[in-house]
Amino acid sequence: MEGRFTINGQEHSILFPPGATLLDVLRGEGFTDVHEGCREGVCGACAVVLDGRLVNSCQVLAASARGREILTAGGLGTPASPHPIQQAFVDAGAVQCGFCTPGMVLAAWCLLRENPAPTEEEIKSALDGNLCRCTGYKHILEAVQLAAERMNTDD
(Lines give C-alpha, C1' and ligand atoms only; values in the text may rest on other atoms or scores of the structure.)
Protein backbone atom coordinates (compact mmCIF):
# COMPACT_ATOMS: atom_id res chain seq x y z
CA MET A 1 0.00 0.00 0.00
CA GLU A 2 1.00 3.60 -0.37
CA GLY A 3 -0.04 6.44 1.85
CA ARG A 4 0.54 10.13 2.23
CA PHE A 5 1.01 11.31 5.77
CA THR A 6 1.78 14.68 7.32
CA ILE A 7 4.32 13.93 10.01
CA ASN A 8 5.60 16.78 12.17
CA GLY A 9 4.36 19.24 9.56
CA GLN A 10 6.04 17.59 6.57
CA GLU A 11 4.42 15.53 3.81
CA HIS A 12 5.61 11.93 3.43
CA SER A 13 4.66 9.38 0.80
CA ILE A 14 5.29 5.93 2.26
CA LEU A 15 4.95 2.37 0.96
CA PHE A 16 3.91 -0.16 3.60
CA PRO A 17 2.33 -3.63 3.89
CA PRO A 18 -1.48 -3.70 4.28
CA GLY A 19 -1.43 -4.87 7.92
CA ALA A 20 1.29 -2.50 9.11
CA THR A 21 0.66 -0.45 12.20
CA LEU A 22 1.36 3.25 12.37
CA LEU A 23 4.15 2.38 14.81
CA ASP A 24 5.82 0.16 12.19
CA VAL A 25 5.54 2.80 9.49
CA LEU A 26 6.88 5.61 11.67
CA ARG A 27 9.80 3.55 12.94
CA GLY A 28 10.53 2.39 9.39
CA GLU A 29 10.72 6.01 8.29
CA GLY A 30 13.24 6.85 10.99
CA PHE A 31 10.98 8.37 13.65
CA THR A 32 12.92 6.76 16.47
CA ASP A 33 11.22 8.94 19.09
CA VAL A 34 8.18 6.65 18.66
CA HIS A 35 9.21 3.72 20.83
CA GLU A 36 8.07 0.13 20.57
CA GLY A 37 6.97 -1.11 23.96
CA CYS A 38 4.20 -3.60 24.64
CA ARG A 39 2.48 -3.61 21.20
CA GLU A 40 -0.76 -3.99 23.18
CA GLY A 41 -1.67 -0.33 23.71
CA VAL A 42 -1.05 -0.24 27.43
CA CYS A 43 2.42 1.30 27.95
CA GLY A 44 2.23 4.57 25.96
CA ALA A 45 5.79 4.28 24.63
CA CYS A 46 4.50 4.51 21.05
CA ALA A 47 2.15 7.45 21.66
CA VAL A 48 1.69 10.02 18.91
CA VAL A 49 -0.84 12.77 18.34
CA LEU A 50 -3.11 11.85 15.43
CA ASP A 51 -5.30 14.71 14.23
CA GLY A 52 -4.98 16.36 17.63
CA ARG A 53 -5.70 13.25 19.71
CA LEU A 54 -3.20 11.17 21.68
CA VAL A 55 -3.16 7.56 20.42
CA ASN A 56 -1.00 4.49 20.84
CA SER A 57 0.44 4.02 17.36
CA CYS A 58 0.77 0.26 17.87
CA GLN A 59 -3.03 0.09 17.87
CA VAL A 60 -3.61 2.13 14.69
CA LEU A 61 -3.41 0.56 11.25
CA ALA A 62 -1.24 2.75 9.04
CA ALA A 63 -3.86 2.58 6.28
CA SER A 64 -6.35 4.32 8.57
CA ALA A 65 -3.91 7.17 9.19
CA ARG A 66 -3.37 8.04 5.52
CA GLY A 67 -3.97 11.72 4.80
CA ARG A 68 -3.93 12.62 8.48
CA GLU A 69 -1.76 14.84 10.70
CA ILE A 70 0.71 13.01 12.92
CA LEU A 71 2.82 14.65 15.60
CA THR A 72 5.67 12.88 17.35
CA ALA A 73 7.60 14.27 20.30
CA GLY A 74 10.41 15.11 17.90
CA GLY A 75 8.06 17.50 16.14
CA LEU A 76 7.61 19.68 19.21
CA GLY A 77 11.13 21.02 19.45
CA THR A 78 14.77 20.38 18.68
CA PRO A 79 17.75 19.71 20.95
CA ALA A 80 18.90 23.28 20.29
CA SER A 81 15.43 24.74 20.80
CA PRO A 82 13.30 22.39 22.92
CA HIS A 83 9.60 22.90 23.54
CA PRO A 84 8.93 24.20 27.10
CA ILE A 85 7.53 20.79 28.04
CA GLN A 86 10.66 19.03 26.84
CA GLN A 87 12.84 21.51 28.73
CA ALA A 88 10.74 21.11 31.88
CA PHE A 89 11.25 17.33 31.76
CA VAL A 90 15.01 17.88 31.67
CA ASP A 91 14.98 20.57 34.36
CA ALA A 92 12.79 18.54 36.72
CA GLY A 93 14.89 15.40 36.35
CA ALA A 94 11.98 13.53 34.77
CA VAL A 95 14.20 11.89 32.16
CA GLN A 96 16.10 8.81 33.21
CA CYS A 97 16.30 6.03 30.64
CA GLY A 98 14.16 8.13 28.29
CA PHE A 99 12.06 5.27 26.96
CA CYS A 100 8.73 6.62 28.21
CA THR A 101 9.64 10.28 27.77
CA PRO A 102 8.27 10.93 24.25
CA GLY A 103 4.87 9.51 25.16
CA MET A 104 4.81 11.40 28.46
CA VAL A 105 5.76 14.65 26.72
CA LEU A 106 2.98 14.23 24.14
CA ALA A 107 0.43 13.36 26.83
CA ALA A 108 1.48 16.52 28.71
CA TRP A 109 1.28 18.57 25.49
CA CYS A 110 -2.27 17.36 24.83
CA LEU A 111 -3.26 18.14 28.42
CA LEU A 112 -1.73 21.63 28.53
CA ARG A 113 -3.20 22.54 25.16
CA GLU A 114 -6.69 21.95 26.61
CA ASN A 115 -6.03 22.82 30.24
CA PRO A 116 -3.17 25.27 30.82
CA ALA A 117 -3.41 25.08 34.63
CA PRO A 118 -4.18 21.46 35.56
CA THR A 119 -4.38 20.11 39.07
CA GLU A 120 -2.16 17.23 40.13
CA GLU A 121 -5.11 14.87 39.73
CA GLU A 122 -5.76 16.14 36.20
CA ILE A 123 -2.09 15.60 35.33
CA LYS A 124 -2.22 12.07 36.71
CA SER A 125 -5.33 11.37 34.68
CA ALA A 126 -3.75 12.73 31.50
CA LEU A 127 -0.65 10.60 31.99
CA ASP A 128 -2.65 7.45 32.75
CA GLY A 129 -1.66 4.82 30.21
CA ASN A 130 1.97 5.94 30.05
CA LEU A 131 4.17 3.60 32.06
CA CYS A 132 7.54 4.55 33.52
CA ARG A 133 9.78 2.02 35.19
CA CYS A 134 12.50 4.44 36.32
CA THR A 135 11.25 7.66 37.89
CA GLY A 136 8.40 6.72 40.19
CA TYR A 137 6.37 9.50 38.48
CA LYS A 138 7.16 12.22 41.06
CA HIS A 139 9.56 14.06 38.76
CA ILE A 140 7.26 13.58 35.80
CA LEU A 141 4.38 15.24 37.68
CA GLU A 142 6.73 18.04 38.70
CA ALA A 143 7.85 18.45 35.08
CA VAL A 144 4.28 18.87 33.82
CA GLN A 145 3.54 21.38 36.61
CA LEU A 146 6.73 23.28 35.75
CA ALA A 147 5.86 23.29 32.04
CA ALA A 148 2.38 24.62 32.82
CA GLU A 149 3.84 27.43 34.93
CA ARG A 150 6.38 28.35 32.26
CA MET A 151 3.90 28.21 29.40
CA ASN A 152 1.45 30.39 31.31
CA THR A 153 4.08 33.03 32.04
CA ASP A 154 5.41 32.98 28.45
CA ASP A 155 2.12 34.27 27.03
Side-chain angles (χ1 to χ4, degrees), residues 1-115 118 123-137 139-141 143-144 146-148 151:
M1 298 184 83
E2 183 174 3
R4 295 192 65 73
F5 305 85
T6 303
I7 307 169
N8 297 338
Q10 296 185 350
E11 289 285 325
H12 295 264
S13 182
I14 304 170
L15 292 172
F16 56 91
T21 65
L22 184 55
L23 168 64
D24 296 328
V25 168
L26 291 170
R27 296 278 307 171
E29 289 298 305
F31 292 93
T32 57
D33 57 319
V34 182
H35 295 159
E36 180 180 341
C38 67
R39 282 201 171 266
E40 295 178 2
V42 297
C43 74
C46 67
V48 298
V49 178
L50 181 62
D51 288 338
R53 191 173 142 249
L54 190 69
V55 299
N56 290 321
S57 63
C58 72
Q59 299 297 295
V60 176
L61 288 175
S64 71
R66 290 182 295 183
R68 298 171 73 184
E69 298 269 340
I70 301 162
L71 176 68
T72 73
L76 289 179
T78 67
S81 181
H83 186 279
I85 296 170
Q86 293 166 320
Q87 189 61 55
F89 268 69
V90 172
D91 294 346
V95 178
Q96 286 188 19
C97 82
F99 196 75
C100 72
T101 305
M104 293 283 189
V105 164
L106 288 174
W109 182 81
C110 286
L111 168 66
L112 297 178
R113 185 182 52 169
E114 298 294 321
N115 181 356
I123 295 170
K124 287 178 181 178
S125 179
L127 298 179
D128 189 27
N130 292 75
L131 302 179
C132 177
R133 298 189 196 299
C134 299
T135 67
Y137 301 98
H139 294 294
I140 293 171
L141 294 172
V144 178
L146 180 60
M151 291 169 69

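Everything numeric here is computed off the predicted structure, so don't read it as measured data. In what follows, residues are counted from 1 in the order of the sequence shown.
- No close placement of the H12 and F5 rings is indicated, their centers lying 6.0 Å or farther apart.
- Formation of a donor-acceptor pair under 3.5 Å by the R68 side chain with backbone atoms of R4 is not found in this model.
- Atoms OG1 and CG, on T32 and L26 in that order, are 11.0 Å from each other to the nearest 0.5 Å.
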Which is it for L15 and M1 under the side-chain contact (heavy atoms from CB on, under 4.5 Å) test, yes or no, and what are the steps along the way? CA-CA 6 Å; L15 292 172; M1 298 184 83; over 6 Å; no

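- Proximity of T6 to I70: side-chain heavy atoms (C-beta onward) are nowhere separated by under 4.5 Å.
- Closest approach of A143 to A88, counting heavy atoms only: O-CB, 3.4 Å.
- Within a 6.0 Å radius of CD in E11, other residues, nucleotides and ligands contribute more than 12 heavy atoms.
- In this structure the side chain of P102 reaches within 4.5 angstrom of the side chain of H35, judged on heavy atoms.
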Assess the residue pair L141 and K124 against the criterion (side-chain contact (heavy atoms from CB on, under 4.5 Å)); give the C-alpha distance rounded to whole Å, side-chain angles, the decisive distance to 0.1 Å, and a yes or no. CA-CA 7 Å; L141 294 172; K124 287 178 181 178; 3.8 Å; yes

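- Under the 3.5 Å distance criterion, the side-chain polar atoms of S64 are matched with a main-chain donor or acceptor of L61.
- Scanning both residues, A108 and V144, for their nearest heavy atoms gives CB-CG2, 3.8 Å.
- The closest donor-acceptor contact from the side chain of D33 to the backbone of G74 lies under 3.5 Å.
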Show your reasoning for whether salt bridge (charged side-chain N to carboxylate O under 4.0 Å, His left out) applies to D24 and R39. CA-CA 10 Å; D24 296 328; R39 282 201 171 266; 2.4 Å; yes

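- Between L112 and P118, the closest side-chain pair of non-hydrogen atoms falls below 4.5 Å.
- Two residues are said to be in side-chain contact when any heavy atoms from C-beta on lie closer than 4.5 Å; I140 and I123 fail this criterion.
- In this structure, the side chains of S13 and E2 come closer than 4.5 Å at one or more pairs of heavy atoms.
- When atom types are taken as modelled, the side chain of Q86 and the backbone of H83 share a donor-acceptor pair closer than 3.5 angstrom.
- What you find for G44 and N56 is that their closest heavy atoms are CA-OD1, 3.5 Å.
- Once rounded to the nearest 0.5 Å, the distance linking CG of L76 with CG of N8 reads 8.0 Å.
- Taken from CZ in F99 to CE in M104, the straight-line distance is 12.0 Å, to the nearest 0.5 Å.
- Checking side-chain atoms of N130 against main-chain N and O of C43 turns up no donor-acceptor pair under 3.5 Å.
- Taking all atoms of both residues into account, the shortest heavy-atom contact from C100 to L131 is CB-O, 3.2 Å.
- For the pair L71 and L50, the minimum side-chain heavy-atom distance is 4.5 Å or more.
- With hydrogens and angles disregarded, a donor-acceptor distance shorter than 3.5 Å links the side chain of D51 to the backbone of E69.
- Between L23 atom CG and C58 atom SG the span is 6.5 Å, to the nearest 0.5 Å.
- Taking all atoms of both residues into account, the shortest heavy-atom contact from A47 to G103 is CB-CA, 3.9 Å.
- In this structure, the side chain of R27 does not engage the main chain of E36 through any donor-acceptor pair within 3.5 Å.
- C38 and V42 get closest at one heavy-atom pair: SG-N, 3.3 Å.
- Inter-residue side-chain proximity for V90 and P82 is flagged as unmet; no heavy-atom pair is nearer than 4.5 Å.
- Using a 3.5 Å distance cut-off with no hydrogens or angles, the side chains of Q59 and T21 do not pair a donor with an acceptor.
- Side-chain atoms of P84 and M151, non-hydrogen and from C-beta on, do get closer than 4.5 Å to each other.
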Show, in sequence, the C-alpha distance, side-chain angles and deciding distance for F16 and R66, and conclude whether the side-chain contact (heavy atoms from CB on, under 4.5 Å) test is met. CA-CA 11 Å; F16 56 91; R66 290 182 295 183; 4.1 Å; yes

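- Taking OG of S125 as the reference point, atom CG of N115 lies at 10.5 Å (rounded to 0.5 Å).
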Show your working on side-chain contact (heavy atoms from CB on, under 4.5 Å) between V25 and F31 and close with a plain yes or no. CA-CA 9 Å; V25 168; F31 292 93; over 6 Å; no

